[in-house]
Asks: 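Quick one: this structure, given as C-alpha cells, is what I'll be asking you about.
In each ligand, atom 1 is the first atom listed, and ligand 1 is the first ligand listed.
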Amino acid sequence: MKRAGHLVRPLVRKLQAYIPGEQPRIRGLIKLNTNENPYPPSPRVLKALGGALDGRLRLYPNPTAQNLREALARCHGCEPRNVIVGNGSDELLALAVRAFVEPKSDEAARGEMGGRRDSRFVVQYFTPSYSLYPVLAATHGARALGVPLGGDFALPGPSVMRNHWDRDAALTFVTTPNAPSGRGYRTTELERLCERQRGVIILDEAYADFAAENALALGLKLPHVLVARTFSKGYSLCFQRVGYFIGNPELIAALDKIRDSYNVNGLGQIAAEATLEDRGYYEANFKKVIATRERTAKELERAGFQVYPSQANFLFVRPPILEAKEWLEELRKRKILVRWFSSEECRAFLRITIGTDEQMDQLLAATRRILARV
Ligand SMILES: *Cc1c(COP(=O)(O)O)cnc(C)c1O
C-alpha cells in the first residue's frame with residue numbers, strides 16, 4: 001500500500017480524536033455508559049416518524065429548521081432568531097469554536113508573543129468536564145485552557161480564578177450540571193461567573209432536565225452567553241442528532257453563517273417537533289429517572305461506594321476495595337457496561353448512567369456479588 005499520510009495537515013496528523021463511549025453489540029447488555037435515556041421516545045414521536053417515511057425522503061429538509069425553531073422559541077419564551085438547531089449540540093459546540101476563536105497564529109505557536117497569553121486563541125473550560133472541548137480546540141488549532149474545579153467539583157475559589165482563569169478567553173465552555181461529576185450549579189453563581197467574563201460563554205445544559213434549576217434565562221439576558229440544549233439525553237433522541245443553542249441574535253447569526261445548509265436532517269426535525277408536543281410524557285420520565293437516581297445513590301452508598309450528589313441522569317462514584325478500572329471490567333463480565341475515564345482527575349471513579357429500576361437492581365445485585373468475592 002502506498003503511503004498518503006504526508007498529504008494530511010500536520011495539525012490533523014497529530015490530533016487525538018474524541019473517544020465516544022462504546023456502542024457494543026452484545027445481547028442482553030445493560031448499557032449504562034453513554035447517558036442515554038432508558039425510556040423510549042413518546043408514542044407520538046414514533047408515529048410522526050412513521051408517518052414521514054414515504055417518497056418525501058427524496059426532498060431536502062427545511063434548511064433552517066424553521067418549524068422547530070418557532071416551536072422552541074415558544075417553548076422558551078423567546079424569538080426564533082434567538083435559536084439555532086444543530087446536528088446534535090456537539091455540532092454547535094464545534095461551530096462555536098470556529099465562529100468565536102482564532103486559530104493559533106504562527107507567532108503564538110512558535111512562542112514569539114513574549115510569553116503573553118493571547119486570549120483570542122483560547123478555548124477555556126473546567127476540568128473535569130465534557131471531554132469533547134479540548135478535542136474541539138485542538139481540531140481548530142486553538143489553545144485549550146483547562147481550569148481545575150474546586151473540591152467536590154464546585155466552581156473554583158477566588159485564588160484559582162485569579163491565577164488560572166482567563167476573563168478574556170475567546171470562548172468558555174461550562175458544563176452545567178457538570179459531567180462527569182453530576183454536580184449542579186446555582187444560577188446565581190453562574191451569573192456571577194458570566195458577568196465577570198468578557199469573551200463568549202456557552203452554558204452546556206445537556207442534563208438540565210434532570211436538575212433542580214437551569215440557567216436558560218442567562219442566554220436571553222446576557223449578550224455574550226449562549227445556552228446549549230439537546231434532545232439526546234432528556235428526550236430519548238440520541239439517534240436522531242438534534243441539539244440547539246439559545247442566545248443573542250448576533251451570536252446565533254454568526255453560527256448560522258458557517259453551518260452546513262442542511263445541517264439538521266428532516267426526520268430529526270420531525271421527531272423533535274413531535275417531542276415538544278408531548279412534554280407531559282417526558283416530564284414523567286424525568287421524575288422516574290430522578291427517583292431511580294436517588295434510590296441507586298443510597299444503595300450504592302450502603303454498599304460502600306462514595307457517591308457524589310447528582311443533578312443529572314448519571315452518578316459519579318468512587319468504588320470500594322478494587323480500582324475503578326477493575327470494577328469496569330468486573331461489571332462488564334456480568335454484561336453491565338459503565339464508563340471509566342483514564343484522565344488523572346477521573347481515574348478513581350466510575351460514571352454510571354441511570355437506567356430503569358430493573359436495570360439498576362441488576363447493577364446493584366452485580367456489585368454485591370463482586371464485593372462478596374473480593
Ligand atoms: C451528551 C452531551 C452533549 C452532546 O449532545 P448531542 O446533542 O447528542 O450532540 C453535549 N454536552 C454534554 C455535556 C453532553 O453530555
Side-chain angles (χ1 to χ4, degrees), residues 17-23 31-38 41 65 68-69 72 83-97 123-137 139 146 149 153 171-185 190 201-211 214-216 219 226-247 255 259-260 263-265 267-269 271-272 275-276 282 289 293 310-316 338-339 341 343 346 349 351-354:
Y18 175 73
I19 307 169
E22 284 178 86
Q23 298 287 358
K31 194 171 173 303
L32 307 175
N33 68 329
T34 49
N35 299 341
E36 287 142 328
N37 198 306
L68 178 55
R69 282 173 41 251
L72 285 167
V83 187
I84 183 169
V85 183
N87 182 37
S89 55
D90 280 354
E91 184 204 17
L92 298 173
L93 301 174
L95 287 180
V97 174
V123 173
Q124 176 171 247
Y125 49 87
F126 292 114
T127 55
S129 68
Y130 190 25
S131 52
L132 178 66
Y133 309 144
V135 176
L136 295 178
T139 305
L149 286 169
F153 311 102
L171 180 60
T172 299
F173 289 117
V174 180
T175 318
T176 171
N178 179 255
S181 73
R183 169 137 188 168
Y185 303 110
L190 292 170
I201 295 203
I202 294 177
L203 301 176
D204 184 348
E205 292 198 327
Y207 301 101
D209 300 300
F210 308 103
N214 69 70
L216 191 112
L226 292 165
V227 175
R229 291 283 181 91
T230 173
F231 283 87
S232 294
K233 314 292 169 45
Y235 299 91
S236 307
L237 223 50
C238 292
F239 197 78
Q240 292 284 359
R241 314 299 305 123
V242 188
Y244 60 99
F245 280 5
I246 299 274
L255 298 167
R259 68 177 174 83
D260 285 345
N263 64 326
V264 190
N265 76 87
L267 293 176
Q269 294 184 34
T275 296
L276 295 178
Y282 294 97
V289 168
R293 177 186 78 200
S310 171
Q311 293 278 303
N313 68 338
F314 53 82
L315 290 170
F316 202 52
V338 300
R339 189 85 185 259
F341 296 95
S343 68
C346 292
F349 304 91
R351 193 194 69 188
I352 305 172
T353 303
I354 301 303

Asks: Has the side chain of N33 got a donor or acceptor atom that lies under 3.5 Å from a matching backbone atom of R339?
Replies: no
Asks: What is the closest protein heavy atom to atom 9 (O) of ligand 1, and at what distance does it sit?
Replies: R241 NH2, 2.8 Å
Asks: Side chains of D204 and Y133: do they bring a donor and an acceptor to under 3.5 Å?
Replies: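 Yes, side-chain donor-acceptor contact under 3.5 Å.
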Asks: Check whether any side-chain heavy atom of V264 sits under 4.5 Å from a side-chain heavy atom of Y244, and report yes or no.
Replies: no
Asks: Check this for me - ligand 1, Y133, N or O atoms closer than 3.5 angstrom, yes or no?
Replies: no
Asks: List in chain and number order the residues that pass side chain to side chain contact (heavy atoms under 4.5 Å, CB included) with T34, two or more places apart in sequence or in another chain; answer none if no residue qualifies.
Replies: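 Testing T34 for side chain to side chain contact (heavy atoms under 4.5 Å, CB included), a comparison that skips the adjacent residues, returns Q23, K31, E36.
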Asks: Can you report which non-hydrogen protein atom sits closest to atom 4 (C) of ligand 1, along with the distance?
Replies: D90 OD1, 3.1 Å
Asks: Mind telling me whether Y130 and Y18 have parallel, tilted or perpendicular rings, with 30° and 60° as the class edges?
Replies: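 It falls in the perpendicular class, over 60°.
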Asks: What protein heavy atom is closest to atom 5 (O) of ligand 1, reported as residue, atom name and distance in Å?
Replies: S89 OG, 3.1 Å
Asks: For atom 15 (O) of ligand 1, which protein heavy atom lies nearest, and how many Å away is it?
Replies: Y207 OH, 2.6 Å
Asks: Can a donor-acceptor pair be found between the side chains of S129 and N178 at a distance below 3.5 Å?
Replies: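 Not at all, the side chains of S129 and N178 share no donor-acceptor pair under 3.5 Å.
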Asks: Could you find the nearest protein heavy atom to atom 2 (C) of ligand 1 and give me its residue, atom name and distance?
Replies: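 Of the protein heavy atoms, K233 NZ, 2.5 Å lies nearest.
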Asks: Run Y207 and F314 through ring-ring contact (aromatic ring centres under 6.0 Å, His included) and show every step you take.
Replies: CA-CA 9 Å; Y207 301 101; F314 53 82; 5.0 Å; yes
Asks: So is T175 polar-close to ligand 1, meaning N/O to N/O under 3.5 Å?
Replies: no
Asks: Which atoms from ligand 1 have a heavy atom of S232 less than 4.0 Å away?
Replies: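 With S232 as reference, the close atoms of ligand 1 come out as 6 (P), 7 (O), 8 (O).
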Asks: Can you tell me the protein heavy atom closest to atom 11 (N) of ligand 1 and the distance?
Replies: D204 OD2, 2.7 Å
Asks: Please confirm whether E91 comes under 4.0 Å of ligand 1, counting heavy atoms of the residue only.
Replies: no
Asks: Regarding ligand 1, does N87 bring an N or O atom to under 3.5 Å of one of the ligand's N or O atoms?
Replies: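 No: no nitrogen or oxygen of N87 is under 3.5 Å from one in ligand 1.
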Asks: Please check if the side chain of R293 supplies one atom and the backbone of L315 the other of a donor-acceptor pair under 3.5 Å.
Replies: no
